[in-house]
Novice: 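What follows is a single structure, and I will ask about it in a moment.
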Amino acid sequence: MDCLNQILHEHHQIAQAASRPHIGARQYLAHHRSRIDWHEHFDSKWTRFAERKAQFDPLHILAPGQGIFPRVTVDLQE
């Protein structure tokens with residue numbers, strides 16, 4: 001278990017170092033806590049990303065776990 005903890009600690013340190021602004025790296029499979037954080041993650045590509053999401057997944061069915069776009073509910077009885 002000590003070996004695993006050491007590896008996890010080293011990976012965490014590497015991820016932290018790579019995410020410093022002056023390096024310009026991106027963390028993929030990221031989990032951000034707010035939509036603002038996701039906006040910063042995608043940076044200049046956010047607008048294109050949001051437009052494509054609206055075009056190809058308007059109900060936000062795909063990938064709800066990341067919390068980027070909340071699911072849209074539709075009342076089918078109307």
Side-chain angles (χ1 to χ4, degrees):
M1 193 64 150
D2 287 338
C3 180
L4 175 60
N5 287 333
Q6 179 63 29
I7 291 170
L8 291 173
H9 178 73
E10 289 173 4
H11 283 216
H12 179 74
Q13 286 180 318
I14 291 167
Q16 290 300 316
S19 65
R20 292 190 180 120
H22 66 279
I23 292 177
R26 293 277 191 266
Q27 177 184 358
Y28 292 94
L29 301 176
H31 178 74
H32 298 292
R33 296 178 190 262
S34 72
R35 188 174 172 121
I36 293 169
D37 291 338
W38 279 110
H39 192 281
E40 290 174 0
H41 174 83
F42 282 100
D43 197 29
S44 64
K45 294 180 174 41
W46 174 258
T47 301
R48 183 177 183 189
F49 175 68
E51 288 170 352
R52 298 246 169 116
K53 181 70 171 177
Q55 180 181 2
F56 296 109
D57 186 20
L59 298 179
H60 304 162
I61 294 170
L62 303 174
Q66 282 87 9
I68 303 172
F69 299 100
R71 279 215 169 146
V72 175
T73 57
V74 177
D75 186 1
L76 298 175
Q77 296 180 7
E78 287 185 13

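Worth knowing before you read on, the calculation uses all heavy atoms, side chains too, and leaves out hydrogens, waters and symmetry mates.
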Novice: On a heavy-atom basis, which atom in Arg35 and which in Pro70 lie closest, and how many Å separate them?
Specialist: NH1-CD, 4.3 Å
Novice: Quick one: NE2 on His39 to CD1 on Ile68, what's the gap to the nearest 0.5 Å?
Specialist: 12.0 Å
Novice: Rounded to the nearest 0.5 Å, what's the gap from CH2 on Trp46 to CD on Glu40? Could you check?
Specialist: 11.0 Å
Novice: Scan residues 51-66 for pairs that pass salt bridge (charged side-chain N to carboxylate O under 4.0 Å, His left out), counting only residues two or more places apart or in two chains.
Specialist: Lys53-Asp57
Novice: Tell me if the CG atom of Leu59 is crowded by more than 12 foreign heavy atoms within 6.0 Å.
Specialist: yes
Novice: Would you mind reporting whether Ile7 and His11 have side-chain heavy atoms less than 4.5 Å apart?
Specialist: yes
Novice: When the ring planes of Phe49 and Phe42 are compared, do they come out parallel, tilted or perpendicular, using 30° and 60° as the limits?
Specialist: parallel
Novice: Out of curiosity, Leu8 CG to Cys3 SG, how far, rounded to the nearest 0.5 Å?
Specialist: 9.5 Å
Novice: Starting at NE2 of His41, measure out to CG of Asp43 and round the result to the nearest 0.5 Å.
Specialist: 10.0 Å
